[in-house]
A.B. asks: 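Sending over a structure as structure tokens; questions will come in a sec.
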Amino acid sequence: MPVETHAVDAPPLLHWTERGAERTAAWRSERAAPPPARVVVADDRTTADHAYGLACQGTALLWRGDFQNARQLLIALASRADRRPRGSGKSAAPSPARAPAEAFHLHRQAQAQRARTLGMLLVQLDESYRIPLRRAPDVRQACTEAWGPPQGTCVASLRELLGVIGAHEWRAKGIEIAAAGGRIHPHYGVFAPIRSEYVDLVARAPLPAALSTDGTAFDIGTGTGVLAAVLARRRVARVVATDVDPRALACARDNVERLGLGRQVTVVAADLFPEGRAALVVCNPPWVPARPGTPVERGIFDPESAMLRAFLAGLRAHLAPAGEGWLVLSDLAEHLGLRSRAELLALFDAAGLQVVERIDTRPTHPKAADATDPLHAARAAETTSLWRLAAR
């Protein structure tokens, strides 16, 4: 299958000294982290403790040893990063009213610091995306899918490169989604439908009667195209799926064609709504009002609920007579103290919308039952809902 390409700005350069010579290579960072200012060369003789100390101080290690040893070193660095700091349990307890939100923000800060530290172990790739290290895998196809055709030598963090490899494996294997009638193949940088409960909500909610006269549905922010596929399988005559992310558009088109739904589903680039009106407008926006750290996190985090607000504000104008808007939303943000139920209902009211029905389900993902998760209390109480909305 051909690989899509994406126009990108020229990447910044990483500079380092090796064997007495000044060297440079293009710097790759999905989260747009700047190139490390300090770089040392490391190999199989480098100990985990020494590497961790350098990484914590902001010094990157460009690996020149065995590739599999680099993976083991990354595991050792992660183990050290995950150790509980001395005295971390002795801090004063936050006030009860702020505890959930404070716990969330502290967790996000810890995750960001962990990512920065583990991102200090670097690997260089040559002009064809080959890794010139012993026992290195062939990552040419994976890198081309994620980054486009090679444009000279480049350096990336090993952690990010492993993410590229993992994304390639997910894309090749796909995720079986019964309601979509087959496997969904997520592309790199596109949020994967690994939580089936929200897909099941769209698969079982009663379709609006308006579809019998206007057989058009919109899937807003389609991502992989999974919900558009579910609607097509439910015999919706015409589905228009939109997104603004080129990776998501390519991914959705790929999945639509794989599933043989090209005649029913059209994927278009649009900032939320396409032109016209529809009897059914579906949107599964990011659930948590916070800033994403990487492009793929845009499927999880929605700063200041911007997409949610824009969808609700524009929904009524894009509904056909007697049409419905389906908002798929978790209440995790409410349990984290980041958005209240009253605020959500106020958005409905301000947009001239009324609730026809709310269909709830409980999450089944492993974190919901993981008592060691810092956000366990909120996750354990989480409910995912499909809000059936109509013009008031």
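Atom set for the values below is all heavy atoms of this structure, side chains included, hydrogens, waters and symmetry mates excluded.
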A.B. asks: What side-chain hydrogen bond (donor to acceptor under 3.5 Å, both in side chains) pairs are there with at least one residue in residues 303-314, not counting sequence neighbours?
C.D. replies: Ser305-Arg339
A.B. asks: Pairs under 3.5 angstrom only: tabulate donor-acceptor contacts from the side chains of residues 275-293 to other protein residues two or more places apart or in another chain.
C.D. replies:
unit_1 : atom_1 : unit_2 : atom_2 : d
Arg277 : NH1    : Ala317 : O      : 3.4
Arg277 : NH1    : Leu319 : O      : 2.9
Asn284 : OD1    : Trp287 : NE1    : 2.9
Trp287 : NE1    : Pro285 : O      : 3.4
Trp287 : NE1    : Val328 : O      : 3.4

A.B. asks: Taking atom CG of Leu54 and atom CE of Met120, what is their separation to the nearest 0.5 Å?
C.D. replies: 10.5 Å
A.B. asks: Hey, is the main chain of Val202 close enough, under 3.5 Å, to the side chain of Arg234 for a donor-acceptor pair?
C.D. replies: yes
A.B. asks: Check Arg204 with Asp200, please: is the shortest side-chain N to carboxylate O separation under 4.0 Å?
C.D. replies: no
A.B. asks: Hey, could you give me each pair passing ring pair (Phe, Tyr, Trp, His ring centres under 6.0 Å) that has a residue in residues 17-54? Not counting sequence neighbours.
C.D. replies: none
A.B. asks: Does anything in residues 66-78 pair up under salt bridge (Lys or Arg N to Asp or Glu O under 4.0 Å), and if so which pairs, sequence neighbours excluded?
C.D. replies: Asp66-Arg135
A.B. asks: With sequence neighbours left out, write down each residue that passes ring pair (Phe, Tyr, Trp, His ring centres under 6.0 Å) with His318, or none if nothing qualifies.
C.D. replies: Phe273
A.B. asks: Does the distance from a Lys or Arg side-chain N to an Asp or Glu carboxylate O, for Glu382 and Arg195, drop under 4.0 Å?
C.D. replies: yes
A.B. asks: Please give me the minimum heavy-atom distance between Val164 and Ala142, naming the atom from each residue.
C.D. replies: CG1-O, 3.4 Å
A.B. asks: Measure across Pro274 and Ile220 and return the closest heavy-atom pair with its distance rounded to 0.1 Å.
C.D. replies: CD-CD1, 3.9 Å
A.B. asks: I'd like to know if Arg108 pairs up with Glu102 as an ion pair, taking the criterion as any Lys NZ or Arg NE/NH1/NH2 lying under 4.0 Å from an Asp or Glu carboxylate oxygen.
C.D. replies: no
A.B. asks: Quick one: which residue pairs count as a salt bridge (Lys or Arg N to Asp or Glu O under 4.0 Å) with a foot in residues 49-63, not counting sequence neighbours?
C.D. replies: Asp49-Arg80
A.B. asks: Does Arg140 pair with Glu145 as a salt bridge, N-O distance under 4.0 Å?
C.D. replies: no
A.B. asks: Heavy atoms, side chains only, cut-off 4.5 Å: are Asp44 and Arg134 in contact?
C.D. replies: yes
A.B. asks: Mind checking what makes side chain to side chain donor-acceptor pair (under 3.5 Å) contact with Thr361, not counting sequence neighbours?
C.D. replies: none
A.B. asks: Where is the tightest heavy-atom contact between Ile359 and Arg388, given as atom of each residue plus distance?
C.D. replies: CD1-CD, 4.5 Å
A.B. asks: Who pairs with Asp126 by salt bridge (charged side-chain N to carboxylate O under 4.0 Å, His left out), at least two apart in sequence or on another chain?
C.D. replies: none
A.B. asks: Taking the side chain from Thr46 and the backbone from Asp43, do they hold a donor-acceptor pair closer than 3.5 Å?
C.D. replies: yes
A.B. asks: Will you find, in the side chains of Ser385 and Asp360, an N or O donor that is under 3.5 Å from an N or O acceptor?
C.D. replies: yes
A.B. asks: What verdict does the side chain to side chain donor-acceptor pair (under 3.5 Å) test give for Asp254 and His187, after you've listed the backbone C-alpha separation in whole Å, the side-chain angles of each residue and the deciding distance to 0.1 Å?
C.D. replies: CA-CA 9 Å; Asp254 178 26; His187 290 198; 2.9 Å; yes
A.B. asks: Below 6.0 angstrom between ring centroids: does that apply to Tyr129 and Trp147?
C.D. replies: yes
A.B. asks: Side-chain contact test, heavy atoms from C-beta onward, threshold under 4.5 Å: evaluate it for Met307 versus Leu272 and give yes or no.
C.D. replies: yes
A.B. asks: Strictly by side-chain hydrogen bond (donor to acceptor under 3.5 Å, both in side chains), give each pair with a member in residues 116-125 just once, sequence neighbours left out.
C.D. replies: Arg64-Gln124, Gln113-Arg116, Gln113-Thr117
A.B. asks: First locate atom CZ of Phe311, then atom CG of Leu327, and finally report the distance between them rounded to the nearest 0.5 Å.
C.D. replies: 6.0 Å
A.B. asks: Would you name the heavy atoms of Ala252 and Gly223 that are closest together and state the gap between them?
C.D. replies: CB-O, 3.6 Å
A.B. asks: Indicate whether the side chain of Arg38 and that of Thr59 have a donor and an acceptor atom separated by less than 3.5 Å.
C.D. replies: yes
A.B. asks: Side chains of Ile75 and Gln72: does their closest heavy-atom pair fall under 4.5 Å?
C.D. replies: yes
A.B. asks: Okay, side chain of Ser340, backbone of Glu343: is any donor-acceptor separation there less than 3.5 Å?
C.D. replies: yes
A.B. asks: Please list every donor-acceptor pair under 3.5 Å in which a side-chain atom of residues 259-268 meets a protein atom from a residue at least two apart or in another chain.
C.D. replies:
unit_1 : atom_1 : unit_2 : atom_2 : d
Gln264 : NE2    : Ala232 : O      : 3.0
Gln264 : NE2    : Val236 : O      : 2.9

A.B. asks: Drop me the distance from Thr224's OG1 to Arg171's CZ, to the nearest 0.5 angstrom.
C.D. replies: 12.5 Å
A.B. asks: Hey, could you give me each pair passing ring pair (Phe, Tyr, Trp, His ring centres under 6.0 Å) that has a residue in residues 331-351? Not counting sequence neighbours.
C.D. replies: Phe348-Trp387
A.B. asks: The criterion is side chain to side chain donor-acceptor pair (under 3.5 Å); which residues satisfy it with Arg235, sequence neighbours excluded?
C.D. replies: none
